[in-house]
Amino acid sequence: MADALGELKRTHYCGALREGDVGRPVTLMGWAATRRYLGGVVFIDLRDREGICQVVARPEVSKEAHAAADRVRGEWVLAVVGEVAKRSADTVNVKIPTGAVEVLAREIRVLSEARTPPFPIEDEITTSEEIRLKYRYLDLRRPRMQRNIALRHRVTMEVRRYLDEQGFYEIETPFLTKSTPEGARDYLVPSRVHHGSFYALPQSPQIFKQILMVAGMDKYFQVARCFRDEDLRADRQPEFTQVDIEMSYPRVETIVDLIEPLYQRLVALVGVEVRRPFPRLTYAEAMERYGSDKPDLRFGMPITDVTDEMRTLGLDTFPGLISAGARARAIVLPASGGVSGTRLRKINEELWLGRIVADARASKRNLFSLKSTDEAVGNLARKGARESVARQMLDRAGAERDDTVLVAVDEPGPLAMALGILRLEMGRALGLVDEKAYRFVWVTHFPLFERDAAGHLQSVNHPFTAPLDEDLPLLESDPTRARAQAYDVVLNGTEAGGGSIRIHDSGLQAKVFRILSLSEEETRERFGFFIEALQYGTPPHGGIALGLDRIVMILAGESSLRDVIAFPKTASATDLMSGSPSPVRDDQIGDLGILVVRK
RNA sequence: GGGGUGGUAGUUCAGCUGGUUAGAACGCCGGCCUGUCACGUCGGAGGUCGCGGGUUCGAGUCCCGUCCACCCCGCCA
């Protein structure tokens, strides 16, 4: 039977006790992490949010406390009344912050007994995520998860503090809303009152935040939950949190100057200093040099163009490909990496034979490598290549002696993507990635539109993104070349945030809808209220959304979003603890005017 | 939608080319132990081999289907 809490009041956190507390009477509450029974004396490690401290129960101090301690099992909840005592020099535990002291128990109350947990409540566990998620309340008790959640709290609070200092209002927007133009599938909520009509959960508060600018709120932010019904990944959850920000009268520089200090402060929470300004790359530069619109700048290994060299090298296959529109680009594998030829070949084959770049239509035929040695160049010359061009290529790629230059030949799009992946894989394989670094970079000048598989123009970001002023003429003549006043913040190869200056002119907005082949009728149905709002005096405005889960994940050093979200979903969007989603009663479905089709 | 890996005790795993009673470690339960902190030590309990079907004298093992978890592609900022 459990004891009542009664008149007891906690005086300290277990993890907070230090030598300075010696002699103090304390009352602790917490979980029994471990129990060590030595016949006479019993040790209990008592754990709470702040840490662990050792409780000693001796029969000569209190017979009752000793008997209670004897009965205690793992994860029982205890109240311990006692006194902080200094440990003798030979019994100090240097592994824990409270290791210099212990609490002599005068009274131990069992507030709650506990079933044996399915896995130990400690940091280094091998338990499957399936079990961890099912017993999430136990998983969250582990110190590491407690740290992650605490860090998330501090990040969120720092965001609020900073944006408040900058004069932003925190404003909530609805969850039950209308489908927004983000392009992902919506989570839908059927209306009971209006059969056949549905709310959509917001993919982001995009339209609402713009309307708040029309409404004169001037500076808005929100720690906003967003919902997207798409397939998941380690860094993608069906519901996730964005720090959503919008302001009136900004230029791109205004947003940059707002966001960089914020990231500085967030990174400072884990004791890291990053310098401003963050480097910048245009989208075109990022694709050209890193093969990605979210380049990982924790290592070098830039991509270089060696098309001219490959064309004139004098080998058979490549000139044909190149005159057909392909380019040749290279990365350099440093000799210091010490990667064997076999290893290299294996990584290449995995990469190129469909595993990763299936879309790139690449094959071994499109690959070429050359070691930067006289011997390798000589061998190549014997096969008919022009030696001077080979040397020029090594030079152009930036190869030092004994480095290996890896050249791929393909059309620019697939080539950039494939080399980007290759660069990442090689960087990792060669251990070039500085795991402790925080490398921010802005990527700007994104294209405004792209063509989908069917060849239709689509917004790269969303249809409210403003074009660059200088590219306005391109909207009519060559829309895919028009660039946007859009920007992403990239951190260590992860997209940490993105935004744009918006269109505030309803005429320009209408033109963009026309380019996207949205009929006036469709536009009116989907965004009519928004277009109307724009006609009532819209200040120029723009903003950004920062992925809160991702920044916390990176700051916490975790590799899965699930480790920084208290109650995350599995890769198939289920909650293993509560068992959602789940069937509902027929009458609930009936109320909604919905017919369920069973497969 | 596609590909990959995995599913055997509470947990993590082993279990070969099908063949006696399915094992180990940790955890759990009991005994002993007054300075442990991964306590030690002696003993014990614990199994729908994910689920359904099939092949076979015989299936944890082979075949088919299905479910679940994780990773990746598509998709998604």
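Below, chains carry the letters A, B, ... as their sequence lines are ordered, and counting in each starts from 1.
Panel note: side chain A:Thr465, backbone A:His462; a donor-acceptor pair is recorded below 3.5 Å. Proximity of a side-chain donor or acceptor of A:Tyr487 to a complementary backbone N or O of A:His445 within less than 3.5 Å is not detected. Between the side chain of A:Asp21 and the main chain of A:Arg18, a donor-acceptor pair closer than 3.5 Å is present. Remark: the backbone N or O of A:Arg185 is not paired with any side-chain donor or acceptor of A:Asp229 at under 3.5 angstrom. Side-chain atoms of A:Asn148 come within 3.5 Å of backbone atoms of A:Asp563 as a donor-acceptor pair (strictly under, hydrogens ignored).
For the OP1/OP2 pair of B:U12 and a distance below 4.0 Å, the side-chain nitrogens and oxygens of A:Ser128 include at least one atom meeting the criterion. Put simply, A:Arg236 has no side-chain N or O that comes within less than 4.0 Å of OP1 or OP2 on B:C73. Put simply, A:Gln237 has no side-chain N or O that comes within less than 4.0 Å of OP1 or OP2 on B:C76.
Rounded to whole Å, the P atom of B:C71 lies 23 Å from the corresponding atom of B:U66. Comparing B:G50 with B:A69, their C1' atoms sit 11 Å apart, to the nearest whole Å. Remark: the separation of the P atoms in B:G3 and B:G46 is 43 Å, to the nearest Å. Rounded to whole Å, the separation between the P atoms of B:U17 and B:G74 comes to 37 Å. When the C1' atom is compared between B:G18 and B:G60, the two are found 10 Å apart, to the nearest whole Å. Separation of the P atoms belonging to B:G53 and B:G58 is 16 Å when rounded to the nearest angstrom. Between B:U12 and B:G4, the distance separating the two C1' atoms is 22 Å to the nearest Å. B:G1 and B:C75 have their C1' atoms separated by 9 Å, with the value rounded to a whole Å.
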Derivation of the salt bridge (charged side-chain N to carboxylate O under 4.0 Å, His left out) call for A:Asp235 and A:Arg233: CA-CA 5 Å; A:Asp235 62 350; A:Arg233 292 282 192 286; over 6 Å; no
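Of the residues in residues 32-42 of chain A, those lying under 4.0 Å from RNA chain B by heavy-atom distance are A:Arg36, A:Tyr37, A:Leu38, A:Gly39, A:Gly40, A:Val41. For the contact set between residues 95-108 of chain A and RNA chain B, defined by any heavy atom under 4.0 Å, the members are A:Lys95, A:Glu102.
Below the 3.5 angstrom threshold, one finds no donor paired with an acceptor across the side chain of A:Arg115 and the base of B:G10. Side-chain atoms of A:Arg228 stay outside donor-acceptor range of the base of B:C75, with no qualifying N/O pair under 3.5 Å.
Note on residues 38-79 of chain A: no pairs pass ring pair (Phe, Tyr, Trp, His ring centres under 6.0 Å), not counting sequence neighbours.
Listed candidates were B:U12, B:G10, B:G1. Nearest to the side chain of A:Thr127 is B:U12. Taking every side-chain heavy atom of A:Phe43 into account, B:U36 is the closest of B:U36, B:A69, B:A77. Listed nucleotides B:A69, B:A77, B:C75 differ in distance to A:Thr574; the shortest reach to its side chain belongs to B:A69. Nearest nucleotide to the side chain of A:Arg73, out of B:C37, B:C70, B:C29: B:C29. Here the nucleotide nearest the side chain of A:Ala234, chosen from B:C37, B:G1, B:C72, is B:C72. Here B:C75 is the nucleotide among B:C75, B:G30, B:C68 with the atom lying nearest to any side-chain atom of A:Glu230. Looking at the side chain of A:Thr116, the nearest of the listed nucleotides B:A77, B:C28, B:C75 is B:C28. The side chain of A:Arg87 approaches B:C37 more closely than any other nucleotide in the set B:A69, B:C37, B:A77. Each of B:U36, B:C70, B:C37 was ranked by its minimum atom distance to the side chain of A:Asn93; first place goes to B:C37.
Contacts of A:Asp235 with the nucleic acid, taken as non-hydrogen atoms under 4.0 Å apart, are absent. Counting non-hydrogen atoms under 4.0 angstrom, A:Phe119 reaches nothing in the nucleic acid. Within 4.0 Å of A:Ser88, counting heavy atoms only, lies no atom of the nucleic acid at all. When heavy atoms are screened at a 4.0 angstrom cut-off, A:Arg550 is found touching no nucleic acid atom at all. Residue contacts shown for A:Gln54 include a base, since a base heavy atom lies under 4.0 Å away. At a threshold of 4.0 angstrom between heavy atoms, the contacts of A:Pro120 with the nucleic acid are absent. At a threshold of 4.0 angstrom between heavy atoms, the contacts of A:Thr91 include nucleobase atoms, whether or not backbone atoms are also involved. Nucleic acid contact class of A:Ile131 (heavy atoms, under 4.0 Å, all strands): sugar-phosphate only.
Across all strands shown, B:A24 pairs with B:U12; the Watson-Crick or G-U wobble distances both stay below 3.5 Å. Here B:U5 sits opposite B:A69 as a Watson-Crick or G-U wobble pair (both hydrogen-bonding atom distances under 3.5 Å). Figure legend. B:U41 is base-paired to B:G31; pairs are counted as Watson-Crick or G-U wobble with both atom distances under 3.5 Å. Partner assigned to B:C49 is none, using Watson-Crick or G-U wobble distances below 3.5 angstrom. Pair assignment for B:A59: none, as no Watson-Crick or G-U wobble contacts are both less than 3.5 Å. Pair check for B:U36 finds none; no Watson-Crick or G-U wobble contact set falls under 3.5 Å.
The two residues A:Arg87 and A:Gly99 make their nearest non-hydrogen contact at NE-O, 3.2 Å. Shown here for A:Glu450 and A:Ser459, the closest heavy-atom pair between the two residues is OE2-O, 4.2 Å. Across all non-hydrogen atoms, the minimal contact from A:Pro295 to A:Val441 is O-CG1, 4.1 Å.
When the P atom of B:C75 is taken as reference, atom CD of A:Gln203 falls 16 Å away, rounded to whole Å. Atom CG in A:Leu232 sits about 13 Å away from atom P in B:A77, given to the nearest Å. What separates NZ of A:Lys569 from C1' of B:C70 is a distance of 18 Å, to the nearest Å.
Between A:Glu60 and A:Pro118, the one whose closest nucleotide on RNA chain B sits nearer the 5' end is A:Pro118. When the nearest nucleotides of RNA chain B are assigned to A:Ser559 and A:Gly498 by heavy-atom distance, the more 5′-ward of the two goes with A:Ser559.
A salt bridge links A:Lys569 to A:Glu239: one of the charged nitrogens lies within less than 4.0 Å of a carboxylate oxygen.
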